Protein chains: 2
Amino acid sequence: MSNAFVRKLDRFEQLTPDDRAWLLEISVRAKQVSADCDLIREGDNPENVLVIIDGFAMRYKLTSNGRRQIFAYLIPGDFCDLHVALLKKMDHSIGTLSPCRVAHFTPAMIVELTERSPSLTRALWMCSLVDGATLREWLVNLGQRSAPHRISHLFCELHERMLAVGLTDDGSFELPLTQSELSDTMGLSIVHVNRSLKELREAGLVTLRNERIIIPDVAVLKDYAEFDASYLHLKWPLQGARNSS
Amino acid sequence: MSNAFVRKLDRFEQLTPDDRAWLLEISVRAKQVSADCDLIREGDNPENVLVIIDGFAMRYKLTSNGRRQIFAYLIPGDFCDLHVALLKKMDHSIGTLSPCRVAHFTPAMIVELTERSPSLTRALWMCSLVDGATLREWLVNLGQRSAPHRISHLFCELHERMLAVGLTDDGSFELPLTQSELSDTMGLSIVHVNRSLKELREAGLVTLRNERIIIPDVAVLKDYAEFDASYLHLKWPLQGARNSS
DNA sequence: CGACTTTTTGACCTAATTCAACTAATGTGG
DNA sequence: CCACATTAGTTGAATTAGGTCAAAAAGTCG
């Protein structure tokens, strides 16, 4: 028995059967949330730490002139707000992109976790470091790459992360993003995102349709996007299918 | 007695005289480093945590096609690598922009710190949270703002941070950046940075000359840039001149 | 089936880039 | 201290990537 959450942490630190059982127990108590609603809103003081068990969400912020910037996509296994233990107020929001199942960790559970398992504690710490590294890579993406390369790079990252939690089917995976969301992620207009997607599709690099992405040849797309996964700090090499007991 | 490092942490958590004395003691042992050299290089496994006591540095990464993206400017009081305790390898570099004095914390000293002072521990934790929040704000900056607004926003941030550590002189402060560095920060060409700076200068908003920035009216520039300092999570309000014993 | 959202396309416009030259600065050795 | 080299800043002209506006086509859903 396993799930995306367990698989994700297991990519950072070798977990004990005990650790896994504990994580699974929390996962089954996850609550269902519908699409397009905020899990956490800017200004909130969330009391629990949330984890996406199933579905897609995004980290975003609205600017004073009504624009939206998306900072991160949260896929199964990702923490929403591991960092804000100390901050009184969230400085950004987290919204669902699809129906999600969300697990809740109370502060007491976090304490229990850090006391019962050093490797789990390290894994959580790693999660927040990787979130930071990913943000830096996004900055490189916005600052240095053209629209089609930028979009491809995002797709490569998502593929790598979905692969890490066992949610890809060859080069294909679920991706419930509208072009509007993509444009708010990439700092591009919707129209330009549309044209860039067309370009990528016609070049045979990647197709996005019906909330699903299809990458005919992942290596080719990575090459095109100059994608180097090392910032994701995944411990075992890419395809490493490890059994999960 | 005080310095930028002490003042910075003191903005997050009220420190005890003991805490301050300890920080100062470490600060005086800081080592001098010349301009334009790397304190930490991508791929390194740094053993000590570094703090800029004096001078300017940047966090950056070189892309495979030879471009450079700057993620952050480090000013006096800033940590270089608080996060990488766990990561085996740095995924980016840190280079000096001016001659710097750099303090070194050994792992043992960090442990001592967390044991001797909960408020210092929280202050350090806050530092890394604020670094993350700042990175998110930079992403908004690159994704959503035009060149002149983008540059102004950066200047507002730097002013706010320099003010927080007592290094501004009215609306003016030292800023040893070339236009090339600005362009690698902003995801703009050097030429366009030059033209945008000219525009800002002629609008009377801000002047950058001789490694020094002059903001005639900070409030006006903040307004222009739609700058909202809340992401810096400074505890006491802006001008709060608190005595440092 | 209509109402609505998302995707796609065309025509036109503008912000930003590139290339190239030229002018300050800054620095170095004789 | 000057001649020379080098780096940083400035400007113009031509080009292009990306944005805006507008409208049509295609999906989605109650």
Side-chain angles (χ1 to χ4, degrees), chain A residues 34-37 56 58 63 65-70 95-99 141-154 174-203 206-214, chain B residues 34-37 56 58 63 65-70 95 97-99 141-154 175-203 206-214:
Chain A
S34 61
D36 300 310
C37 67
F56 285 78
M58 61 178 168
T63 69
N65 52 58
R67 302 174 66 100
R68 171 179 67 172
Q69 176 68 43
I70 297 174
T96 58
L97 292 160
S98 70
N141 213 18
L142 290 217
Q144 307 298 337
R145 284 188 262 262
S146 73
H149 288 91
R150 209 182 286 185
I151 295 171
S152 305
H153 195 278
L154 172 69
E174 191 197 344
L175 191 61
L177 299 183
T178 65
Q179 295 183 4
S180 164
E181 275 135 12
L182 267 181
S183 77
D184 288 344
T185 306
M186 293 307 192
L188 298 166
S189 67
I190 299 186
V191 173
H192 200 57
V193 164
N194 183 283
R195 286 196 239 266
S196 300
L197 283 175
K198 183 184 179 189
E199 189 184 324
L200 293 172
R201 192 189 321 128
E202 289 179 346
V206 55
T207 302
L208 181 59
R209 214 175 84 247
N210 290 344
E211 314 210 318
R212 194 163 187 85
I213 188 171
I214 299 169
Chain B
S34 61
D36 300 310
C37 65
F56 286 78
M58 60 179 169
T63 70
N65 53 57
R67 301 174 69 102
R68 172 179 65 171
Q69 176 68 43
I70 297 174
L97 292 161
S98 70
N141 214 17
L142 290 217
Q144 307 298 338
R145 283 188 262 261
S146 73
H149 288 91
R150 209 181 288 186
I151 296 172
S152 304
H153 195 277
L154 172 68
L175 190 61
L177 298 184
T178 65
Q179 295 184 359
S180 164
E181 274 136 11
L182 267 181
S183 76
D184 288 344
T185 306
M186 293 300 171
L188 298 166
S189 67
I190 299 187
V191 173
H192 199 56
V193 165
N194 182 284
R195 287 195 240 265
S196 301
L197 284 175
K198 183 184 178 190
E199 189 183 324
L200 293 172
R201 193 189 320 128
E202 290 179 345
V206 55
T207 302
L208 180 59
R209 214 175 83 248
N210 291 342
E211 313 209 320
R212 197 165 183 82
I213 189 172
I214 299 169

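Quick note on labels: first sequence line is chain A, next is B, and so on, each numbered from 1. Owing to the predicted nature of the structure, the values given are computational and were not obtained by experimental measurement.
- OP1 or OP2 of C:dT5 has not a single side-chain nitrogen or oxygen of A:Gln179 nearer than 4.0 Å.
- The nearest whole Å value for the distance from the CD atom in A:Gln144 to the P atom in D:dA17 is 17 Å.
- For the pair A:Thr185 and A:Met58, the minimum side-chain heavy-atom distance is 4.5 Å or more.
- Phosphate proximity of C:dT9 to A:Lys198: present, with a side-chain N or O under 4.0 Å from OP1 or OP2.
- Here the CD1-CG distance, from A:Ile70 to A:Leu97, works out to 6.5 Å after rounding to the nearest 0.5 Å.
- To the nearest 0.5 angstrom, B:Leu177 atom CG is 11.0 Å from B:Ser183 atom OG.
- Judged purely by distance below 3.5 Å, without hydrogens or angles, the side chains of A:Thr178 and A:Glu181 pair a donor atom with an acceptor atom.
- In this structure, the CE atom of B:Met186 is 18 Å from the P atom of C:dA15, given to the nearest Å.
- How far OG1 of A:Thr207 is from CD1 of A:Ile213: 8.5 Å, rounded to the nearest 0.5 Å.
- Going from atom CZ of A:Arg209 over to atom C1' of C:dT8 covers 15 Å, rounded to whole Å.
- Considering only the side chain of A:Arg150, D:dG18 comes nearest among D:dG18, C:dT26, C:dT6.
- Along DNA chain D, the nucleotide nearest to A:Asn210 and the one nearest to A:Pro148 differ in position, and the one closer to the 5' end is contacted by A:Pro148.
- Atom CG of A:Leu197 and atom P of C:dT6 are 15 Å apart (whole Å).
- A donor-acceptor contact under 3.5 angstrom links the side chains of B:Ser146 and B:His149, judged on distance only.
- Using a 4.0 Å cutoff on non-hydrogen atoms, the parts of residues 188-196 of chain A near DNA chain D are A:Leu188, A:Ser189, A:Val191, A:His192, A:Arg195, ordered by number.
- Under the 3.5 Å distance criterion, the side-chain polar atoms of B:Gln144 are matched with a main-chain donor or acceptor of A:Arg68.
- Residue A:Arg201 is in sugar-phosphate contact alone, with no base atom involved, counting any heavy-atom pair closer than 4.0 Å across all strands shown.
- One can place CD of B:Glu202 at 11 Å from P of D:dT10, the figure rounded to the nearest angstrom.
- For the pair A:Arg145 and D:dG18, the criterion of a side-chain N or O lying under 4.0 Å from OP1 or OP2 is not met.
- Taking atom CG on B:Leu208 and atom P on D:dG9, their separation rounds to 8 Å, with Å as the unit.
- One atom, CD1 of B:Ile151, and another, C1' of C:dA16, lie 12 Å apart when rounded to the nearest Å.
- The CG atom of B:Asp36 sits 13 Å away from the C1' atom of C:dT26 (whole-angstrom rounding).
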